[in-house]
Amino acid sequence: MRIVHVLGTRPNFVKMAPLIAALRARMPECEQVIVHTGQHYDRMMSQIFFEELGVPEPDHMLEVGSGSHAQQTARVMERLEPLLDDPRPDLVVVPGDVNSTLAAALTAVKMGIPVAHLESGLRSFDRTMPEEINRILTDAVSDQLYVHSEEALNNLSIEGISPEKVHMVGNTMIDSLVALEDRFRALEACSNHDLRPGGYLLVTLHRPALVDGPLLFEAVAALDRIAAELPVIFPVHPRTRARLATEVAVGSGLHLVDPIGYLEFLSLEADAGAVLTDSGGIQEETTYLGVPCFTLRDNTERPVTVEQGTNVLLGLDPARIDQIPKMLADRPDRDATPPPLWDGKASQRIADHIADLG
Ligand code: UD1
Ligand code: UDP
């Protein structure tokens with residue numbers, strides 16, 4: 001079998017690394033080809049994940065870089081098509097919901113090549129999010145849909161996707177976390193930032209609805225206020241950094257830092273008193289780790305993290321950040337249990353399934 005994996009962004013690398021390793025172990029004779037679209041390209045958004053997760057060097061770099069949605073999607077399609085032409089793969093695997101995901105899925109399906117989608121079936125029901133469009137369209141053209149939670153099964157069924165294509169396998173992003181747990185637990189990265197375990201808020205914000213407009217400055221001002229009581233460390237995504245280019249004045253309790261490598265970030269996440277985010281993956285990781293998570297969005301495509309995990313939807317309302325210290329203090333002690341099949345073995349289940357296809 002020849003399998004082409006198409007990856008482009010920080011969360012893609014985390015989701016795909018364990019599957020590439022599991023396929024290598026399960027099907028050593030299978031040829032795996034890794035295509036990096038180049039949607040993310042800074043070292044700390046890309047290369048460091050390959051190193052820390054032990055992903056082989058990509059076989060092809062498409063170097064599409066940044067651009068509008070149409071530009072980014074079109075560049076991936078144009079540059080990927082000839083790579084899929086000769087020799088043709090038996091399967092193209094795409095993860096998540098970014099522009100590279102949709103572009104690769106569309107390219108493959110139009111060439112008659114089967115597509116497998118990892119993290120299928122998530123829906124925010126908010127079509128103003130580019131990711132929602134990417135998810136719906138990718139699922140519509142995929143042949144194998146790998147799912148990590150019950151609500152995803154339901155979403156796909158409502159959209160009329162045949163149940164034979166849909167497989168509940170678990171969460172490969174959690175596989176990566178579990179695989180590195182001994183290493184990141186030993187790091188105690190918070191001490192490098194003069195923070196103590198349990199005594200700080202870890203923040204990430206990068207959704208356009210929040211960071212591309214004035215809400216970002218309201219959020220930073222609110223974080224600055226609560227930082228006097230609860231120190232804040234905020235590794236700033238490049239999209240967000242571009243908006244904060246004119247340095248905002250902040251007090252000494254708010255640490256704005258560059259994006260952080262995966263191991264160090266997981267260490268900061270595991271030891272945080274709480275996390276404030278609009279990231280999809282971080283809602284899942286905090287649920288697994290049992291760390292309180294506050295999501296600064298009106299909706300989530302991952303309701304299981306609210307129902308079974310540690311996630312609280314704050315709404316797209318920076319004023320609510322001021323309430324975080326009190327919400328933390330009032331929070332009932334609750335043992336969050338990870339959702340079923342978030343057990344570190346999802347990739348093995350997918351590899352077994354793909355082996356049966358071959
Ligand atoms: C993308 C995904 C989003 C995902 C996020 C993960 C889409 C539509 N969005 O958002 O779903 O949650 O990745 O982090 O696919 N930039 C750099 N260096 C980089 C990468 C980006 O400076 O290595 C800057 C550029 O100014 C660029 C901006 O960040 O224009 C946005 O990058 P882009 O990949 O378009 O979207 P993200 O916001 O990263
Ligand atoms: N992450 C990281 N360093 C950071 C911020 C995030 O390693 O500074 C990791 C995080 O642990 C998770 C993934 O990046 O595995 C989430 O990526 P992101 O929030 O960019 O994307 P999303 O999940 O929202 O699509």
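For ligands, and for the atoms within them, numbers begin at 1 and follow the listed sequence. Side-chain atoms are counted along with the backbone in the values below, which use heavy atoms only and exclude waters and symmetry mates. Computed from a predicted model, the values in this text were never measured in an experiment.
Glu119 and Arg302 are joined by a salt bridge, as a carboxylate oxygen and a charged side-chain nitrogen come within less than 4.0 angstrom of each other.
Near Pro235, with a cut-off below 4.0 Å to any heavy atom, the atoms of ligand 2 are 8 (O). Heavy-atom contacts of Ser279 reach the following atoms of ligand 2: 16 (C), 18 (P), 19 (O), 22 (P), 23 (O), 24 (O) (cutoff under 4.0 Å).
Of all protein heavy atoms, the one lying nearest to atom 4 (C) of ligand 1 is His206 NE2, 3.8 Å. Regarding atom 26 (O) of ligand 1, its nearest protein heavy-atom neighbour is Ser66 OG, 4.4 Å. Summary of contacts: the protein heavy atom closest to atom 24 (C) of ligand 1 is Pro238 CB, 3.7 Å. Closest to atom 29 (O) of ligand 1, if we only count protein heavy atoms, is Arg239 N, 3.5 Å. Scanning the protein heavy atoms around atom 34 (O) of ligand 1, the nearest turns out to be Gln39 NE2, 3.1 Å. If you check which protein heavy atom lies closest to atom 19 (C) of ligand 1, you get Tyr41 CZ, 3.5 Å. If you check which protein heavy atom lies closest to atom 11 (O) of ligand 2, you get Glu285 OE1, 2.8 Å. Looking from atom 2 (C) of ligand 1 to the surrounding protein, the closest heavy atom is Val98 CG1, 3.6 Å.
Heavy-atom contacts from other residues, nucleotides or ligands closer than 6.0 Å to CG of Asp182 number 12 or fewer.
In this structure, atom 12 (O) of ligand 1 has a protein heavy-atom contact shorter than 4.0 Å.
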Could you check Gln144 against His117 for side chain to side chain donor-acceptor pair (under 3.5 Å), going step by step and ending with a plain yes or no? CA-CA 6 Å; Gln144 307 299 335; His117 183 207; over 6 Å; no
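For the pair Thr300/Ser124, no side-chain contact is recorded, criterion being any heavy-atom separation below 4.5 Å from C-beta on.
Considering backbone and side-chain atoms alike, Phe265 places every N or O at 3.5 Å or more from each N or O of ligand 2. By the 3.5 Å distance cut-off applied to N or O atoms, Ile260 is counted among the residues near ligand 2. By the 3.5 Å distance cut-off applied to N or O atoms, His237 is not counted among the residues near ligand 2. Distances between N or O atoms of Leu266 and those of ligand 2 include no value under 3.5 Å. Taking any N or O of Arg10, backbone or side chain, at least one lies under 3.5 Å from an N or O belonging to ligand 2.
Considering CG of Leu215 and CG of Asp278, their distance stands at 11.0 Å, rounded to 0.5 Å. If you take CD on Gln323 and CZ on Arg320, they are separated by 4.5 Å, rounding to the nearest 0.5 Å. Of the inter-residue distances, the one linking Ser176 atom OG with Tyr262 atom OH reads 4.5 Å to the nearest 0.5 angstrom.
Under 4.0 Å from ligand 2, the heavy atoms of His206 that appear belong solely to its side chain. Within the 4.0 Å heavy-atom criterion, neither part of Glu131 lies near ligand 2. By the criterion of a heavy-atom distance under 4.0 Å, neither the backbone nor the side chain of Ser279 is placed next to ligand 1. Here Tyr262 has heavy atoms under 4.0 Å from ligand 2 in both its backbone and its side chain.
Residue contacts with ligand 1: Arg241 is excluded, as none of its non-hydrogen atoms falls under 4.0 Å. Ligand 2 lies within reach of Arg207, whose nearest heavy atom is under 4.0 Å from it. Residue Ala242 places every heavy atom at 4.0 Å or more from ligand 1. Ligand 2 lies less than 4.0 angstrom from a heavy atom belonging to Met173.
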